2 protein chains.
Amino acid sequence: MRYTRLRSFHAVASAGGFNAAAAAFNISQPTLTAQVGALEDEYGVELFVRRGRRRELSDAGRHLLAITTRLFAEEDEALAFLEQSRELKTGRLSISAVGPFHVTEMLAAFNQAYPGIGLAVKLGNSTEVLDDLFDYKCDVAVLAYIDEDDRLLTIPYRRHPVAVFVRRDHRFATRDSIRLAELEGEPMIVRERGSTTRRAFEEALAVTGAKPRLMMEIGSREAIREAVIHGLGISYVSEAEFVPDQDLKLVRIEEAEVYTYAHVVVLKQRESSRIIKAFLDIVHRARNALDGRGGKP
Amino acid sequence: MRYTRLRSFHAVASAGGFNAAAAAFNISQPTLTAQVGALEDEYGVELFVRRGRRRELSDAGRHLLAITTRLFAEEDEALAFLEQSRELKTGRLSISAVGPFHVTEMLAAFNQAYPGIGLAVKLGNSTEVLDDLFDYKCDVAVLAYIDEDDRLLTIPYRRHPVAVFVRRDHRFATRDSIRLAELEGEPMIVRERGSTTRRAFEEALAVTGAKPRLMMEIGSREAIREAVIHGLGISYVSEAEFVPDQDLKLVRIEEAEVYTYAHVVVLKQRESSRIIKAFLDIVHRARNALDGRGGKP
DNA sequence: CCAATAGATAGTTTTTTTCTATGCGTTACA
DNA sequence: TGTAACGCATAGAAAAAAACTATCTATTGG
């Protein structure tokens with residue numbers, strides 16, 4: 001109401017007449033006459049002076065035009081911002097993940113598709129990651145295994161085989177792959193309890209029945225690498241996480257039954273969020289691109 | 001539409017919630033929900049993030065709020081300007097007048113009543129003044145005599161007696177007043193043809209039948225004063241225009257039939273203009289205040 | 001677990017906005 | 001000096017929008 005009147009005034013004032021404004025802004029001239037008239041009546045102010053058959057801006061009108069010019073510039077800015085938001089040219093997506101190795105690929109794909117979106121990644125264990133998700137501290141979580149929780153929407157993203165790695169001089173070092181059974185009695189350095197990789201590995205071992213000798217439990221991938229390099233034992237790692245080293249050799253597991261999984265998890269509630277939808281879309285596309293390369297669970 | 005949505009968004013964003021905004025801005029909560037929802041749908045942007053039972057500003061929402069804050073500040077400014085215009089606290093009034101002497105009084109009264117209104121005075125002869133009026137170059141004209149023109153609204157403002165003035169050593173200098181008949185053969189310096197004062201004076205002379213000796217015609221009041229001081233003759237002037245001098249003496253005319261008039265003239269078309277109405281009102285009041293003092297025609 | 005709270009949804013009514021058709025006064029031009 | 005074109009005003013009707021009430025759902029705090 002006030003707005004419409006101001007807008008009509010602005011149109012007439014900047015177009016230089018009622019008919020001109022009507023033509024320029026695709027509204028009828030009587031509408032403009034009515035709106036401007038209402039504005040003038042409401043405030044008892046002469047915005048236009050009748051001069052023959054035309055109406056020209058009065059001093060008050062000129063002053064008001066200066067204000068409305070700024071006003072509608074701000075409106076344009078608001079709409080421009082909304083437009084660019086529509087196209088996801090701005091915004092931020094925060095991700096909590098259990099490990100950096102699963103997410104970098106997704107981040108790269110997403111960033112390529114939406115270069116304007118800021119990305120924030122926070123790492124933590126699975127409990128922390130889930131808490132972030134439920135506390136709205138992140139938009140997307142990347143987890144290894146999933147709780148069945150109907151507040152969550154879970155998308156299996158990909159699986160990474162777990163492999164054994166040994167020092168160059170170990171008897172496995174010349175092998176391309178081994179069987180789990182061969183690990184019987186083998187001195188082994190393992191991850192902390194709760195590690196996704198350890199869990200997957202031990203489940204597979206339990207199936208096989210093989211029992212390595214647990215040398216030590218270390219809560220850091222890097223520290224385990226050092227321990228292996230120093231000959232304290234052999235260990236395992238998700239293939240994607242393995243950092244090559246001249247003293248180390250990665251040996252696959254023949255059965256290939258040991259995998260860590262990456263699931264993309266979001267709150268069902270937020271599934272319809274544009275930015276989250278965009279991310280999930282990228283994830284699906286990446287999964288499909290992986291098909292046939294055996295990356296899928 | 002866009003505006004209402006932005007306003008609803010702004011209300012919710014600045015009030016910190018839908019219900020809070022509904023209470024603060026006296027609109028119903030469903031209205032706000034609908035408007036904000038429409039804005040989000042239209043641009044596919046999440047302005048608020050659902051967090052439990054509340055909705056909190058998203059990054060995009062925060063950005064938009066910054067813009068809408070400026071937007072509505074401009075709107076407030078526009079409305080404030082219109083409000084103060086309603087009370088005639090701003091604006092400008094331009095006056096064209098045939099002489100400065102008639103208008104100063106009005107200007108003073110008007111300025112006292114509406115100190116915020118800028119005043120512009122332009123002087124000219126009666127033709128120029130009327131042209132300004134018809135060309136909308138001025139809002140109000142002050143003229144001596146009037147054409148009957150039904151495009152014009154004319155208000156008699158006041159009349160000023162015309163008096164004779166002479167040098168101290170003139171035989172009239174000891175008199176308080178003279179009769180027009182005494183001017184027979186008297187050397188006289190007169191204004192240019194077209195001068196209101198000359199016209200009034202000569203009309204009165206014609207009635208009387210007296211014939212002064214026209215010494216010279218000078219198109220400037222100041223130059224005439226100098227001429228009288230130098231003893232070239234006597235002259236006349238509207239009493240209101242007379243500037244006292246130790247060498248000059250003003251002598252009234254007994255019949256007091258010689259007057260110049262001041263009429264306030266506006267275009268009928270523009271009579272309803274607030275500022276013009278306000279000025280005419282001041283003029284009427286000043287006229288009434290003059291009643292009983294004999295200032296009226 | 002219940003009551004209170006924040007927000008969403010459905011359906012309706014009121015208000016606003018906008019249109020078409022037409023009238024009136026000005027201006028320009030033949 | 002008519003007369004056509006132009007610029008705006010007015011009337012009445014139609015369309016769109018904004019607003020409401022009532023009700024529902026989900027979350028949270030005691």
Side-chain angles (χ1 to χ4, degrees), chain A residues 1-42 46-58 61 133-136 149-152 267-273, chain B residues 1-42 46-58 61 134-136 149-151 267-273:
Chain A
M1 181 151 150
R2 291 176 310 188
Y3 168 79
T4 315
R5 292 172 183 183
L6 286 175
R7 181 159 52 76
S8 294
F9 162 78
H10 185 74
V12 175
S14 50
F18 287 68
N19 282 305
F25 292 83
N26 255 355
I27 37 184
S28 72
Q29 167 263 313
T31 298
L32 293 173
T33 298
Q35 299 289 0
V36 172
L39 195 61
E40 289 182 315
D41 286 352
E42 183 177 356
E46 247 191 346
L47 297 171
F48 294 90
V49 171
R50 280 160 194 76
R51 184 166 184 175
R53 69 183 175 186
R54 325 175 37 158
R55 296 190 64 179
E56 293 180 351
L57 272 178
S58 69
L133 195 62
F134 283 120
D135 290 351
Y136 298 84
D149 187 322
D150 54 21
R151 291 170 299 175
L152 299 179
L267 288 180
K268 268 189 185 156
Q269 254 189 339
R270 302 190 62 196
E271 189 190 351
S272 59
S273 154
Chain B
M1 181 151 147
R2 291 174 312 187
Y3 168 79
T4 314
R5 291 171 183 183
L6 286 175
R7 183 159 51 75
S8 295
F9 162 78
H10 185 75
V12 174
S14 49
F18 287 68
N19 281 300
F25 292 83
N26 255 356
I27 36 182
S28 72
Q29 168 263 312
T31 297
L32 293 173
T33 298
Q35 298 291 359
V36 172
L39 195 61
E40 289 182 316
D41 285 352
E42 183 177 356
E46 246 191 347
L47 297 171
F48 294 90
V49 170
R50 281 160 194 77
R51 183 166 186 173
R53 69 182 176 187
R54 320 175 40 160
R55 296 191 63 180
E56 292 180 352
L57 272 178
S58 68
F134 284 120
D135 290 350
Y136 298 84
D149 188 322
D150 54 22
R151 292 170 299 173
L267 288 180
K268 268 189 186 153
Q269 252 188 341
R270 302 190 63 195
E271 189 190 352
S272 59
S273 154

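By convention in this document, chain letters (A, B, ...) are assigned in the order of the sequence lines, proteins followed by strands, and residues within each chain are numbered from 1. All values below come from the heavy atoms of this structure, side chains included, with hydrogens, waters and symmetry mates left out. All figures in this text were calculated on a predicted structure; none of them were measured in a lab.
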Spacing between [X] atom [atom1] and [N] atom [atom2], to the nearest angstrom:
X: Glu42(A); N: dT16(C); atom1: CD; atom2: C1'; value: 13 Å
X: Arg54(A); N: dC6(D); atom1: CZ; atom2: P; value: 13 Å
X: Glu40(B); N: dT9(C); atom1: CD; atom2: C1'; value: 16 Å
X: Leu57(A); N: dC8(D); atom1: CG; atom2: C1'; value: 15 Å
X: Tyr3(B); N: dT16(C); atom1: OH; atom2: C1'; value: 14 Å
X: Arg53(B); N: dT27(D); atom1: CZ; atom2: P; value: 11 Å
X: Arg51(B); N: dT27(D); atom1: CZ; atom2: P; value: 14 Å

Task: Degree of bending in the helix from dC1(C)-dG30(D) to dA30(C)-dT1(D) once both end axes are built from five pairs, to 10° - done: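 Both end axes considered, the difference amounts to 30°.
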TODO: Output yes when a side-chain donor or acceptor of Arg51(A) lies under 3.5 Å from a complementary backbone atom of Glu56(A), and no otherwise.
DONE: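 Such a contact is absent between Arg51(A) side chain and Glu56(A) backbone.
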Open item on the list: Whether the side chain of Glu42(B) engages the backbone of Arg2(B) through a donor-acceptor N/O pair (distance < 3.5 Å, no angle test) should be reported.
Closed with: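 Checked: no pair found.
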Can you tell me how far [atom2] of [Y] sits from [atom1] of [X], rounded to the nearest 0.5 angstrom?
X: Ile27(A); Y: Ser8(A); atom1: CD1; atom2: OG; answer: 5.0 Å
X: Arg50(A); Y: Phe48(A); atom1: CZ; atom2: CZ; answer: 10.5 Å
X: Leu267(A); Y: Leu133(A); atom1: CG; atom2: CG; answer: 4.0 Å
X: Arg5(B); Y: Asp41(B); atom1: CZ; atom2: CG; answer: 8.5 Å

Counting C-beta onward and ignoring hydrogens, is there a side-chain heavy-atom pair between [X] and [Y] closer than 4.5 Å?
X: Val12(B); Y: Leu47(B); result: no
X: Glu40(A); Y: Val36(A); result: yes
X: Leu57(B); Y: Phe9(B); result: yes

TODO: Go through residues 9-32 of chain A and report each residue with a non-hydrogen atom lying under 4.0 Å from DNA chain C, sorted by number.
DONE: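 The answer is Asn26(A), Ile27(A), Ser28(A), Pro30(A), Thr31(A).
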- [ ] Decide side-chain contact (heavy atoms from CB on, under 4.5 Å) for Gln29(B) and Leu32(B); before the verdict, give the C-alpha distance in whole Å, the side-chain angles of both, and the deciding distance to 0.1 Å.
- [x] CA-CA 5 Å; Gln29(B) 168 263 312; Leu32(B) 293 173; 5.5 Å; no
- [ ] Verify the contact: side-chain N or O of Arg7(B) to OP1 or OP2 of dA19(D), cut-off strictly under 4.0 Å; return yes or no.
- [x]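 Indeed, a polar side-chain atom of Arg7(B) lies that close.
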Open item on the list: Check this one for me: any side-chain N or O of Arg55(A) less than 4.0 Å away from OP1 or OP2 of dA9(D)?
Closed with: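 Affirmative; the distance criterion is met.
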TODO: Please work out if Arg2(B) contacts a base, only the sugar-phosphate, or nothing of the nucleic acid, heavy-atom cut-off 4.0 Å.
DONE: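 No contact.
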Open item on the list: Could you tell me if Thr31(B) and Gln35(B) have a donor-acceptor pair between their side chains, going purely by distance under 3.5 Å?
Closed with: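 There is no such pair between these side chains.
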With the criterion being N/O to N/O and under 3.5 Å, what pairs connect the protein with nucleotides 12-17 of chain D, and how long is each?
none

